[in-house]
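All residue numbers in this chain count up from 1 along the given sequence. Values below: every heavy atom of this structure, side chains too, minus hydrogens, waters and symmetry copies.
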Amino acid sequence: MSTTPDDLRLSLSVDLELSSIGVAERGSAGLVAVLGGTSFRDPAIRSVTLSAFSCLRNDTFFPGPVHGTGLLDGSAAPAPWLSVPVPKTAARQSWDEVSRALVKAGVQVVTDLSLNVTDQELTARAAAVAEEATTGRPVALFFNATSRLEYAVRLVEKIATTLQPTVPNVTVGIRMCPVAMGFSVFEYLRTWNVPIFAYTLTSYPSGRTSWSQAAYASMIHAMGGDVVNIGLLSIPALRSGTLYEAIMPLLSTRNTSKASLPALTGGVEPRVAYEYAAAVRDPVLLHTMTPIFRGGLERRSIRKRVKALREAVEAGRQSLDIERLFAERNSSVRNWQELEEEG
């Protein structure tokens, strides 16, 4: 927090018991409301920043993720894995083809950005992804639940009771923004034990109180986010260490039995994918859409672009010299160069 007039900054560590602040019956969503609204009611305090959050022990209010980093157990390919959202522009007849092309090319996580999908479409899309998933190539599919409350509830119920049993080789979950939908909704949807891909449309909260990326990610992890999109990242963030400040709370299993899977975003191009793979050995997702679909929804273009990213990741894992690779100009590196020049 910061005070006037001498701009004194204090770093405080506070242990809270839910029962002592009257929010035990309101669960984790109630605690979020308390922490988000804290301003100490003193006009001399200009701002309060929640820089870190952690649970001291396991608590039923903070169940942790359903699968977390175990979402892709059995995958023959080591992390980082690829996650691609299918854009809303994919018409009904092309969605199945696009998703199959992605999985066949090596994408492990597919998210559907469409809103208000019918039951018939849910069934058909899950079946299309399941056609390409194998034991050595597990796939997770997330449907968009950031919509009307009644739709989100119906969607999670449909997945848990009807859809998931029909596609045992695919893990089906929901994609939602806890800020847009509300933390109490997030808390309720988690009770269905359906995996959740949590992302943010804006910073949380507003006013004189703010949360650091690491604190927000830690809270979502504790509440049950299986995949947590921790925001736009960059190579400078990777090299400076700020990336690890955000993802390490998710990877920690101190508070729950499972860690969350961080989704690193930002229009991941081949050179960026190479840098991430060279530096990050932990289970993470490279979550990207624009580079994959810059050439449209044609299957051949999609497969080519996914292949270029996968080759860049593999080169990063092996710590190959990227400048030497570009100098040699072999076929895979030409693919990388083409994508970067198009960007």
How long is the span from the [atom1] atom in [X] to the [atom2] atom in [Y], to the nearest 0.5 Å?
X      : Y      : atom1 : atom2 : value
Leu50  : Ser212 : CG    : OG    : 6.5 Å
Asp112 : Glu121 : CG    : CD    : 8.5 Å
Asn116 : Ser147 : CG    : OG    : 3.5 Å
Arg303 : Ile292 : CZ    : CD1   : 13.0 Å
Phe62  : Arg190 : CZ    : CZ    : 13.0 Å
His287 : Trp81  : NE2   : CH2   : 16.0 Å

Same hydrophobic cluster for [X] and [Y], using side-chain heavy-atom links shorter than 4.5 Å among ILVMFWY?
X      : Y      : result
Leu285 : Tyr274 : no
Leu102 : Val170 : yes
Ile196 : Leu261 : no
Val109 : Leu141 : no
Leu71  : Val110 : no

I'd like to check [X] versus [Y] (side-chain heavy atoms, cut-off strictly below 4.5 Å). Are they in contact?
X      : Y      : value
Phe142 : Val172 : no
Arg175 : Phe143 : no
Thr265 : Thr288 : no
Tyr276 : Val313 : no
Ile174 : Ile159 : yes

Closest approach of [X] to [Y] (non-hydrogen atoms, all atoms of both residues):
X      : Y      : answer
Val103 : Glu132 : CG1-CB, 3.5 Å
Ala77  : Gln108 : CB-NE2, 3.9 Å
Pro85  : Phe293 : O-CE1, 3.3 Å
Trp192 : Ala160 : CE3-CB, 3.9 Å
Lys88  : Leu113 : CE-O, 3.2 Å
Pro87  : Leu297 : CG-CD2, 4.1 Å

Could you tell me if the ring centre of Tyr216 sits under 6.0 Å from that of His221?
no

Would you call [X] and [Y] a salt bridge, taking side-chain N to carboxylate O under 4.0 Å as the test?
X      : Y      : value
Arg154 : Asp119 : yes
Glu323 : Arg271 : yes
Glu298 : Arg305 : no

Test item: [X] side-chain N/O and [Y] main-chain N/O as donor-acceptor pair under 3.5 Å:
X      : Y      : result
Gln120 : Thr123 : no
Asp226 : Val66  : yes
Ser99  : Val129 : no
Thr191 : Tyr188 : yes

Kindly indicate, with the supporting measurements, whether the criterion side chain to side chain donor-acceptor pair (under 3.5 Å) is fulfilled by Thr146 and Tyr199.
CA-CA 10 Å; Thr146 305; Tyr199 70 101; 3.0 Å; yes

Residues Ser301 and Arg294: side-chain donor-acceptor under 3.5 angstrom:
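The criterion, which ignores hydrogens and geometry beyond distance, is not satisfied for Arg294 and Ser301.
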
